[in-house]
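Let me begin by presenting the structure, written as structure tokens, before commenting on it.
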There are 2 protein chains.
Amino acid sequence: MGPPKASTPPIRLMLVDDHAVMRAGLANLLGSGLGFEVVAQSDDGETAIRLWPKFKPDVCLLDMTMHGIDGVETLSRLRKVAPAARVLMLTSSDSAEDMARAMKAGANGYVTKNVQHKELFDAIREVHAGGRPVSSSTIIESRPTTAETGGSPLTPREIEVVALMREGFTNQEIGRLLGISTHTAKAHVAGVLEKLNASDRTQAVARAFDLGLLKAAHLQGRPKI
Amino acid sequence: MGPPKASTPPIRLMLVDDHAVMRAGLANLLGSGLGFEVVAQSDDGETAIRLWPKFKPDVCLLDMTMHGIDGVETLSRLRKVAPAARVLMLTSSDSAEDMARAMKAGANGYVTKNVQHKELFDAIREVHAGGRPVSSSTIIESRPTTAETGGSPLTPREIEVVALMREGFTNQEIGRLLGISTHTAKAHVAGVLEKLNASDRTQAVARAFDLGLLKAAHLQGRPKI
DNA sequence: ACCGCTATTAGCCATCTGGCTAGGGAGAAA
DNA sequence: TTTCTCCCTAGCCAGATGGCTAATAGCGGT
């Protein structure tokens, strides 16, 4: 937590973000003698993984949403070649689901892009020191988001169920997929409908999107054009 | 299109983005003697509108997604106090819908944040010169996005129908709301299902979210906590 | 031990859904 | 003109949905 001492060797960073402007901004910000040094940059996940062994940065700042393989996927793959890598996820989203995905995939920290500079610096230092910082705005946002529905967040089981509803599965199929009876599936769907204040499953998944419980899977794949 | 001459007076800019890091990056990037000058910055829409008259920037770089009032809303309000303001929208999204919203609200240009520096510079110059540049990645992305579904984008009527499906309306209600018969409503729903390759209306709206045809209405409102 | 929450199963039933087939009219493109 | 697409309407039907009530069981907190 202490301010950077001139005596401390700089924390060596790799930046991965497909927004060139953001990357340049970060590089500029972090290369201003505050105890950081940007040793590598990449605008996509594959390159980042290729660059890692060459530079062995202390901490990697990794954007969640990128074209090609996204941040979470990049993280997973990076973990295979560098299990000890310290990765701080950067994101524009403040949804709890994104954070959960990132942390589950093995992120060492999670910071939204709307943080102030100091928060970012602190987060990087904390990751470097072995902590697992999570941007406070995430916590602040994610709680009321669900609380505001007038309701309860869904139970784990119910979340599985919405995810399947989203894919167009019927109650019968949901039951089969989860290894439970159709009746139970219906009961969970009913729970979801009530908690999300929806009149049918269609509105329920729309609400789930609104609340950030479900995320649009951008199917763009950036084809060859 | 010409490279910046030293003789040209700099284009005076206002930056509006709630991502402090991005803002700092832009400021740094644009303040490097390339013919731009950042005269004002803000991390929210209200402040931006308040700052405008004081600085009368030549071009305003406005982020689409911000907490509080978003970019489009900011743009609309700004237009009321400064109808001639030149505004270049900046966004992380490459969805055609977002672009349409921005341009409809009176944006002078639209650029995704994953552009290279030069493209951004060019876009700013073009807006300043009275053009209406649109980031090429938007066009490239948005076309195949819909084409990739195997299909056609939805007809206007069908889009109205998905929007209603999303709200949980039944075919009967959709018919009543649109002043058409239930049968016709069903026909439109069928069209949507086919075009979005969905097995039921629930999956259809999920797909619509995936494709950017529907946007999550973030109901967060950022309460006091 | 009791209570509350979650997960599980079950039956009944009015309504809704989506697929099928089969029309007609209006405007735009070839 | 012909053809195409979009928009509108219609009936039939098997299957799915969501509301209702009711019961059992595990788990964690008081």
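We name chains A, B, ... by the order of the sequence lines, and we start the count at 1 in each one.
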What's the closest nucleotide to the side chain of [X] if the choices are [options]?
X: A/Thr170; options: D/dT9, D/dT17, C/dT17; result: D/dT17
X: A/Thr184; options: D/dC8, C/dT9, C/dT6; result: C/dT9
X: B/Arg201; options: C/dT17, D/dC6, D/dA16; result: C/dT17
X: B/Val189; options: C/dG18, D/dG18, D/dC8; result: C/dG18
X: B/Arg157; options: D/dC7, D/dA16, C/dC16; result: D/dC7

Report the distance from atom [atom1] of [X] to atom [atom2] of [N], rounded to the nearest whole Å.
X: B/Glu173; N: C/dC16; atom1: CD; atom2: P; answer: 8 Å
X: B/Met165; N: C/dC16; atom1: CE; atom2: C1'; answer: 14 Å
X: A/Ile174; N: D/dG15; atom1: CD1; atom2: P; answer: 19 Å
X: B/Asp200; N: C/dG19; atom1: CG; atom2: C1'; answer: 13 Å
X: A/Gln172; N: D/dA14; atom1: CD; atom2: P; answer: 17 Å
X: B/Glu158; N: D/dT5; atom1: CD; atom2: C1'; answer: 11 Å
X: A/Glu194; N: C/dC5; atom1: CD; atom2: P; answer: 12 Å
X: A/Leu178; N: C/dT8; atom1: CG; atom2: P; answer: 8 Å

Look at [X] and [N] and indicate whether a side-chain polar atom (N or O) is within less than 4.0 Å of OP1 or OP2.
X: B/Ser181; N: D/dT9; value: yes
X: A/His188; N: C/dT6; value: no
X: A/Thr155; N: C/dA7; value: yes

Problem - Partners meeting salt bridge (charged side-chain N to carboxylate O under 4.0 Å, His left out) with B/Asp58 (sequence neighbours left out) - result: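 In terms of salt bridge (charged side-chain N to carboxylate O under 4.0 Å, His left out), with neighbours along the sequence ignored, B/Asp58 is linked to no residue.
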Problem - Between the first and last five pairs of the helix from C/dA1-D/dT30 to C/dA30-D/dT1, the angle of the axes, rounded to 10 degrees - result: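 That helix has its two terminal axes inclined by roughly 50°.
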Exercise for the section: State whether the distance check finds a donor on one side and an acceptor on the other, under 3.5 Å, for side chain A/Lys186 versus base C/dG11. Expected result: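 Answer is no: no donor-acceptor pair is held.
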Practice task
Go through the side-chain N and O atoms of A/Thr202 and B/Thr202 and say whether any donor and acceptor fall under 3.5 Å apart.
Solution key: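 Yes, B/Thr202 and A/Thr202 have a side-chain donor paired with an acceptor closer than 3.5 Å.
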Handout entry: A/Arg23 and A/Asp63: CA distance, side-chain angles, deciding distance, salt bridge (charged side-chain N to carboxylate O under 4.0 Å, His left out) verdict
Key = CA-CA 10 Å; A/Arg23 226 170 49 240; A/Asp63 187 26; over 6 Å; no
Problem - Single hit among A/His188, A/Arg201, A/His183 for side chain to side chain donor-acceptor pair (under 3.5 Å) with A/Asn171 - result: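 Filter result, single survivor: A/Arg201.
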Handout entry: Qualifying residue for side-chain contact (heavy atoms from CB on, under 4.5 Å) with A/Met64, from A/Leu75, A/Val72, A/Asp17, A/Asp70
Key =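 Only match with A/Met64 under side-chain contact (heavy atoms from CB on, under 4.5 Å): A/Val72.
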Exercise for the section: Could you tell me whether A/Glu194 atom CD has more than 12 heavy atoms of other residues or ligands within 6.0 Å of it? Expected result: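 Result for CD/A/Glu194: open.
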Problem - Of B/His183 and A/Asn171, the one whose closest DNA chain D nucleotide lies more 5' - result: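 Checking each residue's closest nucleotide, the 5'-ward one belongs to B/His183.
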Exercise for the section: Take B/Ala187 and A/Ser199, find for each the nucleotide of DNA chain D with the closest heavy atom, and name the residue whose nucleotide sits nearer the 5' end. Expected result: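 By nearest-heavy-atom nucleotide position, the 5'-most residue is B/Ala187.
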Problem - Worked verdict on A/Glu73 versus A/Arg77 for salt bridge (charged side-chain N to carboxylate O under 4.0 Å, His left out) - result: CA-CA 6 Å; A/Glu73 175 65 16; A/Arg77 296 200 202 170; 2.8 Å; yes
Exercise for the section: Determine the interplanar angle of the A/Phe209 and B/Phe209 rings, folded into 0 to 90°, and report it as parallel if under 30°, tilted if 30 to 60°, perpendicular if over 60°. Expected result: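 A/Phe209 and B/Phe209: parallel rings.
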